[in-house]
Each structure stands twice: as C-alpha cells, then as structure tokens.
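Every value quoted in this text rests on a predicted model; they were computed, and no experiment measured them. Just so you know, ligand 1 is whichever comes first in the structure, and atom 1 is the first atom listed for that ligand.
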Amino acid sequence: MLLNGSHGSEQRVVELFNYIDTHQDEFVQDLKDWVAVSSDSSDPLLREDLSNMVEIAAKSIRALGATVKLVNMGEEKLNDGRNIPFPKAILAELGNNSSKATVCIYGHVDVQPAKKEDGWNTDPYNMTEINGDLYGRGAADNKGPVLAWINAVKTYKSLNQEIPVNLKFIIEGVEETGSPGLEDLIKAHASFFSDVDYIVISDNLWLSRKPALTYGTRGSAYFFIEVEGGTKDLHSGTFGGIIHEAMRDLIYLLANLIDSSGHILIPGIYDDVAPLTEEERKLYEHIDFDLEEHQNNSGVNTFLYSTKEEILQHLWRYPSLTIHGIEGAFSGPGSKTVIPSKVIGKFSIRQVPNMKSSVVQKQVTKHLEDVFAKLKSPNKLTVSMIIGASPWVADVNDPQYAAARNAITKVFGVTPNMIRDGSTIPLARIFQDLTKKSVMMLPIGDADAGEHSQNEKISRSNYIQGTKLFATFFLELSKVHEELMAKNHPSVGN
Ligand SMILES: C[C@H](N)C(=O)N[C@@H](Cc1c[nH]cn1)C(=O)O
Ligand SMILES: [Zn+2]
Ligand SMILES: [Zn+2]
C-alpha cells in the first residue's frame with residue numbers, strides 16, 4: 001500500500017515538514033529570484049521578461065523530473081494591425097501510474113504592472129523580507145503559490161518519497177490579461193487533459209487569518225469605450241471652444257455607468273443574477289471575517305455596506321463595475337494643454353451566476369449607444385468587450401474538497417473558512433465546462449496580501465505552511481481517491 005510503505009503516513013508527514021522547515025530559506029530565495037523577473041503581461045510590446053519567466057518556470061518544473069512542453073497560446077491583434085504571439089504556456093507531467101489520482105496544478109507567472117514610484121516602500125522586483133512578510137510584485141499573485149507547489153514536489157523527490165499522485169501542470173503567462181487563448185489551448189490539447197481527475201488552483205487569498213477553501217469566483221467582462229474626435233491632437237487655445245471634444249463625451253459616458261451607491265446603471269444588468277436563497281443566506285453566518293480588519297487592509301475609510309453579509313454578498317454574488325482608466329488622455333506630470341483626438345475609456349464588470357458575457361456585452365453596448373445619442377455628438381463611438389470570462393462555482397461536496405479540508409486540518413489544526421472570491425480566474429469555468437472535471441481552489445495568499453496593489457506580499461508563514469499544505473494535500477487526495485476507486489464512484493475516472 002502506498003501509504004503504509006517503509007514509512008507510516010504520519011512518519012512521512014513529519015519527514016516532509018522537517019525538510020520544508022529546514023529548507024525554507026532556499027524556497028524564499030527561489031521566490032526572490034522569480035519576483036526579480038518583471039513578468040508584467042499588460043503591455044504586449046514589453047513581454048520579453050515574461051517569456052524569460054515562462055522559461056525559468058519550465059526549467060524549475062523540468063528539474064523535478066517532469067516532462068515539460070512549451071505550447072502556443074495563439075496570437076494577439078494589436079491596434080496597429082500587427083499580430084504578435086502570446087507568451088507560451090507550460091504543459092508538464094510527472095507520473096502516470098494508473099492506480100493513482102492525476103492532479104493538474106494551474107498557475108500563472110505573469111504579474112500586474114508595478115513601479116517603485118507608484119508608492120511602493122521597497123523595489124517591487126527586489127523581494128524584501130520585513131517582519132516575516134515577503135514584499136514584491138507577484139509574491140502572492142501568483143509566483144509564491146506556484147513555487148509552493150514546486151517546493152512540495154521537490155520535497156518528496158529530495159526525500160526519495162513516492163509522490164502519492166500523478167501530477168500535471170498548466171502554467172500560463174497571460175492570466176492577468178484575462179487568459180486569452182486559454183480555451184483554445186485546452187481544446188487543442190484535450191488528450192493532455194483527458195486523464196486528469198482533479199484540477200487545483202491556488203491563485204486566491206484567504207478572507208481572514210483562518211485558512212480557507214474557495215468554491216466560487218466572479219467573472220470579468222472588460223470593455224473599451226473608444227471616442228474619436230479627429231485625426232490629430234489639437235491646441236486647446238487654438239481650437240478649444242469650437243469643437244466637440246472626445247474627452248468630454250467619454251467622461252459623460254463613464255459617468256453614466258454606475259452611481260455613487262455602487263448601483264450599475266446599465267438596463268437589465270441585474271436580470272440574470274441568481275436570486276439569494278435562504279440556504280445561501282445562512283452560509284454567510286459561519287464565515288470568519290473581520291470587517292474592521294478588512295477595511296484596514298483596504299486602506300479606505302468606509303465601505304459601501306456596513307454588515308459582513310452585505311459586504312461578502314456584494315463581493316461574491318452581486319456584480320460590480322469598476323472604471324480603470326483612460327488611454328490616450330494626458331496623465332503625465334505638468335500641465336499639457338492639448339485636446340486629445342482619440343481616447344479609450346476602460347472599465348470592467350465582475351459577473352456573477354447566472355450572467356452571461358454575450359448578454360452583458362449587448363446590454364452595455366446598447367446602453368452606451370443610447371447615452372451617446374443624447375449628446376448629439378459628431379464624434380465616433382466604438383464599444384468593444386476585450387475579455388469575457390465567466391464566473392465559477394464548485395460543488396463543495398466534491399471529493400477533492402474533502403481531501404483539502406483534511407489537509408488544512410492536519411497542517412493548521414482548524415477547519416477551513418469556506419469562501420468565494422470576487423476576483424476572476426478564467427481557467428476555472430473554462431476547464432469545468434470543457435471537461436466536466438473537478439475544479440477546486442486551495443488558496444495560500446494572506447488576506448492582506450495586496451494583490452495588484454502597492455506593497456504586495458506573501459507572509460513567509462503562508463508560503464512555507466502553504467508548501468506543507470500542498471504536500472499534505474497530495475497524501476490526503478490519494479487516500480480519498482483510493483476510497484472512491486474502491487467504491488467505483490462515478491465522479492472518478494475518464
Ligand atoms: C484572481 C487572480 N489572481 C487575478 O488577479 N485575476 C485577474 C484576472 C483578470 C480579469 N480580467 C483581467 N484579468 C483579476 O481577477 O483581475
Ligand atoms: Zn492577479
Ligand atoms: Zn493571479
């Protein structure tokens with residue numbers, strides 16, 4: 001029997017944990033090396049470091065003894081008509097024992113933009129440890145968790161312990177731009193995924209200091225509103241006062257998307273939102289969440305809502321709309337006096353069950369065209385949805401969740417906080433829809449990780465304890481899988 005070999009399972013766990021504890025500085029140095037690569041995926045013309053980062057990750061996974069392939073993710077069409085390839089993705093596999101469960105680990109090695117002058121206390125690409133926190137862009141989102149999975153496997157290999165499950169990896173480099181091309185990649189490599197029993201993702205945060213299991217995320221519909229007023233920028237003295245300025249039109253359109261209470265003004269946008277049932281309402285009572293701590297972590301003085309239930313519901317199960325920025329407008333230092341000829345407003349809607357991107361796209365486009373018509377402006381309006389990622393919700397009775405619960409209890413001594421997440425991981429719903437296989441999110445990011453913010457970090461504790469969690473999860477999942485195989489459970493197998 002796998003777990004009753006020369007080492008009892010308890011003895012194996014002790015050895016695993018001791019190794020992880022005594023090698024934690026190496027693991028931290030590895031993360032520092034990864035954070036040092038500015039793998040920002042936001043600008044398609046500045047992705048050389050990102051491609052390097054994918055190669056570095058591939059090399060680390062290959063060093064585990066895995067078979068690694070770098071596969072194409074398609075091409076991106078630029079505004080000037082050029083097509084450039086997306087960074088390649090990693091597909092890797094380690095082990096193919098038919099009596100074992102096959103777990104596919106998903107992660108991403110691209111990051112959001114970061115500059116010291118944005119207000120970081122340290123260099124975002126020189127990971128700095130302060131009071132047990134590891135500060136750097138990507139430390140939590142998602143390089144730390146990806147490395148924690150690699151550390152867990154490396155620990156088994158270093159101890160010559162048999163890895164209790166077959167492993168596969170899918171690691172991408174464009175998750176932060178909405179995982180374009182990922183659905184086509186999964187379809188093109190259907191055979192790679194055909195023997196996967198479980199997908200596990202660790203690209204989220206805890207909600208409090210209590211370890212968590214995530215069973216839902218919101219989707220993301222990302223829109224560009226382009227208003228074009230002429231063929232070139234103009235002097236605002238020479239032309240200001242006699243033309244319909246594109247920026248004025250755009251600001252008016254943006255102001256008609258959402259009101260000051262957070263209510264989205266797009267007609268019909270709430271029509272498909274799943275009604276709140278009494279059963280769901282009861283779930284919020286048991287969630288570990290410190291409203292004041294969350295507010296302190298956010299750096300804002302007040303929230304739109306004052307109770308735990310309202311805040312969590314509006315983070316998880318109601319849509320939100322955020323205006324992100326304006327491309328083409330002047331935003332540098334100084335006082336440039338120009339009328340921009342073309343500006344692009346950017347906003348996104350976090351979708352929830354049962355909203356559909358195609359319906360949202362129609363509602364948004366019609367609303368903006370109706371508002372624009374009232375302006376009687378000669379300028380040209382173009383509305384485009386550049387990302388349409390769907391929300392995801394899992395069945396918490398899925399056997400993979402039982403294994404994760406057991407692992408969390410073994411490592412942290414508590415039962416997990418069962419939570420959803422307001423952010424988006426496009427792969428989750430794509431994989432769930434395409435393969436009907438089990439998808440689970442097992443986060444190790446701290447609640448105050450500051451994903452996408454200045455001073456993003458992962459605590460050394462969550463990084464190292466998270467490595468132990470992943471190592472234990474392999475053991476617990478192999479137990480659950482063996483029991484299922486014994487019962488010939490319909491959820492297992494291809
Ligand atoms: C949750 C994950 N760490 C993340 O940050 N995902 C992004 C994905 C996305 C959506 N639109 C563009 N990128 C997010 O939720 O913002
Ligand atoms: Zn992110
Ligand atoms: Zn992420």
Mind checking whether the Zn ion (ligand 3) has an N, O or S of D203 under 2.8 Å? yes
Under 30°, 30 to 60°, or over 60°: which ring-plane class applies to W149 and F473, parallel, tilted or perpendicular? perpendicular
Take atom CZ in R209; do more than 12 heavy atoms of anything else shown fall under 6.0 Å from it? no
Does some non-hydrogen atom of R218 fall short of 4.0 Å from ligand 1? no
Considering both backbone and side-chain atoms of E176, is one of its nitrogen or oxygen atoms within less than 3.5 Å of a nitrogen or oxygen in ligand 1? yes
With respect to Y222, determine whether any N or O atom, backbone or side chain, lies less than 3.5 Å from an N or O atom of ligand 1. no
So which N/O/S atom does H108 have closest to the Zn ion (ligand 3)? NE2
With only distance considered, is N204 within less than 3.5 Å of ligand 1 through an N or O on each side? no
Ring centers of Y284, F289 separated by less than 6.0 Å: no
Verify the distance test for E451 against the Zn ion (ligand 3): any N/O/S atom under 2.8 Å, yes or no. no
Please determine if K366 and D370 form a salt bridge, counting it only when a charged side-chain N lies under 4.0 Å from a carboxylate O. yes
For the Zn ion (ligand 2), angle spanned by H452 NE2 and E176 OE1 (nearest 10°) is 80°
Shortest protein heavy-atom distance from atom 11 (N) of ligand 1, along with the residue and atom involved: S220 OG, 3.2 Å
Tell me whether ligand 1 is touched by Q112 - counting only heavy atoms on the residue side and a distance under 4.0 Å. no
Salt bridge check, E451 against R137: does any charged N sit closer than 4.0 Å to a carboxylate O? no
For T217, which part has a heavy atom under 4.0 Å from ligand 1: side chain, backbone, both, or neither? neither
For Y198, is the NZ or CZ atom of K437 found under 6.0 angstrom from the centre of its six-membered ring and inside 45 degrees of the ring axis? no
Can you tell whether the side chains of K210 and D288 come within less than 4.0 Å, N to carboxylate O? no
Can you tell me the N, O or S atom of D141 that's nearest the Zn ion (ligand 3)? OD1
Side chain or backbone, does T177 bring an N or O within less than 3.5 Å of an N or O on ligand 1? no
Considering only non-hydrogen protein atoms, determine which one is nearest to atom 1 (C) of ligand 1 and report residue, atom name and distance to 0.1 Å. S423 OG, 3.3 Å
For F224, does the six-membered ring have the charged nitrogen or CZ of K346 within the cation-pi criterion, i.e. under 6.0 angstrom from the centroid and within 45° of the normal? yes
Is K154 salt-bridged to D30, going by a charged N under 4.0 Å from an acidic O? yes
Distance filter under 4.0 Å to D203 heavy atoms, resulting ligand 1 atoms: 1 (C), 2 (C), 3 (N)
Check whether more than 12 heavy atoms from other residues, nucleotides or ligands sit under 6.0 Å from atom CD of E292, and answer yes or no. no
Over 12 foreign heavy atoms within 6.0 Å of CG, N131: no
For atom 5 (O) of ligand 1, grab the closest protein heavy atom and report residue, atom and distance to one decimal in Å. H452 NE2, 2.9 Å
Are N142 and ligand 1 in contact, using a heavy-atom cut-off of under 4.0 Å? no
Shortest protein contact, atom 16 (O) of ligand 1 (heavy atom only): R350 NH2, 2.9 Å
Atoms of ligand 1, numbered as shown, that sit under 4.0 Å from any heavy atom of D141: 3 (N), 5 (O)
Is it true that, when you exclude Q295 itself, more than 12 heavy atoms of the residues, nucleotides or ligands shown sit nearer than 6.0 Å to its CD? yes
Considering only NZ, NE, NH1 and NH2 on the basic side and carboxylate oxygens on the acidic side, decide whether K342 and E327 come within less than 4.0 Å. no
Closest protein heavy atom (residue, atom, distance) for atom 9 (C) of ligand 1: E175 O, 3.9 Å
Within a strict 4.5 Å, meaning less than it, do heavy atoms of the F474 and Y156 side chains meet? yes
Can you tell me if E175 has an N, O or S atom under 2.8 Å away from the Zn ion (ligand 2)? no
Which of the numbered atoms in ligand 1 are under 4.0 angstrom from any heavy atom belonging to I425? 1 (C)
Can you tell me if A389 has a non-hydrogen atom under 4.0 Å from ligand 1? no
